[in-house]
Amino acid sequence: MENILEISGLNKSYGNFSLQDISFSLPEGCITGFIGINGAGKTTTLRTILGLTSKSSGNVRLFGMDMKTNEKQIKERIGIVLDGGGFYDELSLSEMKSIVASAYKSWDETKYRIYLDRFSLGPKQKINTLSKGMRMKYALALALSHKAELLIMDEPTSGLDPLIRSQLLDILKEFMNNGGRGVFFSTHITSDLDKIADMLIMIDNGKIIFQEEKDILLDSYRIVKSDLKDLTKDTEKLFVNISKTAFGFTGITNQLEDIKKAMPDAITERTTIEDVMLCNIKGGKK
Ligand SMILES: Nc1ncnc2c1ncn2[C@@H]1O[C@H](COP(=O)(O)OP(=O)(O)OP(=O)(O)O)[C@@H](O)[C@H]1O
């Protein structure tokens, strides 16, 4: 599998916040979720990758090309959905589309109209009359109408109702049906990724905490419930996070085999992505 995106040694500072030595890669054919709590650095990373925010150091390669020297060719092949869209609010959808379309050699007007119809958006409607969900659909229609091979989306599901979120997930699955493509999707709402992500990258406080295939990640963690008597100085070390009550404890572990030996009667349950994200935040579960 080729890497569609490769980031190495990315650094960037904003006052007290900094992206620290961010490195990861996205293989083609994967929907990758970029997860982290508010303020973790997701938007800053995406904007830095896209050259919308300057970086202090690091390399960004897309489709095997360096972003510094091939920005135009690279951007032709990326569909971008940013929070708020970056649109001129006083324009109609059709006027804004003309500006966006002129930036792409491979603009596909037929496809754009199909998406507009599918999303029930009127070309004469003004951008400032769009609801949050309609704005996201419009951004998606633009991003999908120039034969992009990689979709980069910043919090596309934030603030959307379950119906629109489910439509978005269907569209992403359709997009991935053609080979050689990728989706990079930042979110702090991890339930959508439980359904569609193949790969997960977590950022916290400007640092990458892990990059792992979703199924492998979820297989390696378990929620454990048992009596307090099972907790000793040694067994506590087997947990990433523990909460105790008067009756027992609930913990999250990534050392399941050792837990089974140490407390064979404990109840174990599978985790969600949210459980894994929360227990990997510095300072434990928030
Ligand atoms: N233009 C800016 N100037 C100064 N600080 C900034 C700027 N943009 C972001 N930051 C700071 O960088 C940190 C990371 O913000 P960022 O928006 O990347 O987080 P995020 O993970 O996308 O959060 P959210 O889920 O809330 O969107 C925050 O502390 C934020 O205040």
Side-chain angles (χ1 to χ4, degrees), residues 5-26 31-60 62 67 78-87 89 131-133 135-140 143 150-162 164-165 168-169 172 182-197 199-212 214 217 272-286:
L5 170 67
E6 286 174 353
I7 311 292
S8 58
L10 198 66
N11 287 283
K12 155 101 204 154
S13 286
Y14 273 138
N16 287 336
F17 176 82
S18 48
L19 290 183
Q20 295 161 60
D21 208 19
I22 300 285
S23 299
F24 60 82
S25 51
L26 305 190
I31 296 182
T32 303
F34 190 37
I35 59 174
I37 56 171
N38 289 134
K42 302 181 295 295
T43 300
T44 307
T45 304
L46 295 190
R47 293 185 64 86
T48 311
I49 290 172
L50 293 169
L52 302 173
T53 297
S54 61
K55 55 185 185 314
S56 35
S57 62
N59 289 310
V60 176
L62 285 123
M67 186 66 155
I78 309 177
I80 302 170
V81 178
L82 294 180
D83 200 20
F87 305 129
D89 272 0
S131 70
K132 193 164 182 160
R135 203 176 247 269
M136 195 285 295
K137 286 179 174 181
Y138 179 57
L140 197 60
L150 171 65
L151 274 187
I152 297 188
M153 301 190 294
D154 192 15
E155 304 270 4
T157 55
S158 161
L160 302 187
D161 69 42
I164 301 184
R165 277 166 43 207
L168 169 69
L169 301 190
L172 296 186
V183 173
F184 189 39
F185 173 166
S186 88
T187 186
H188 56 264
I189 310 170
T190 52
S191 53
D192 295 324
L193 297 176
D194 280 308
K195 294 182 195 139
I196 56 157
M199 178 78 76
L200 294 166
I201 298 175
M202 176 172 169
I203 185 167
D204 188 42
N205 200 19
K207 290 191 201 124
I208 298 296
I209 306 296
F210 58 71
Q211 167 165 13
E212 188 56 274
K214 180 183 76 183
L217 187 83
T272 60
I273 296 172
E274 182 169 292
D275 295 324
V276 174
M277 180 176 94
L278 289 174
C279 76
N280 276 291
I281 292 166
K282 214 168 160 224
K285 199 158 191 158
K286 302 250 158 123

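Read the numbers this way: they start at 1 and go in the same order the structure lists the ligands and their atoms. FYI, the numbering just counts along the sequence from 1.
- Protein residues with a heavy atom closer than 4.0 Å to ligand 1 are Y14, F17, I37, N38, G39, A40, G41, K42, T43, T44, E155, H188, listed by chain and number.
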Check: For F24 and F184, what are the C-alpha separation, side-chain angles and deciding distance, and is it a ring-ring contact (aromatic ring centres under 6.0 Å, His included)?
Finding: CA-CA 12 Å; F24 60 82; F184 189 39; 5.5 Å; yes
Next item on the list: May I have the step-by-step check of side chain to side chain contact (heavy atoms under 4.5 Å, CB included) for K132 and S158, ending in yes or no?
Entry: CA-CA 9 Å; K132 193 164 182 160; S158 161; 4.3 Å; yes
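- Listed by first and then second residue, the salt bridge (Lys or Arg N to Asp or Glu O under 4.0 Å) pairs that reach into residues 185-194 are R165-D192, sequence neighbours excluded.
- Tested against N11, the residues S18, S56, S57 include a single side chain to side chain donor-acceptor pair (under 3.5 Å) partner, S57.
- The nearest pair of heavy atoms linking K55 to K12 is CA-CD, 4.3 Å.
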Note to self: Please evaluate residues I7 and L26 with respect to the criterion side chain to side chain contact (heavy atoms under 4.5 Å, CB included), reporting the C-alpha separation (whole Å), side-chain torsions for both, the decisive distance (0.1 Å), and the verdict.
What the structure shows: CA-CA 9 Å; I7 311 292; L26 305 190; over 6 Å; no
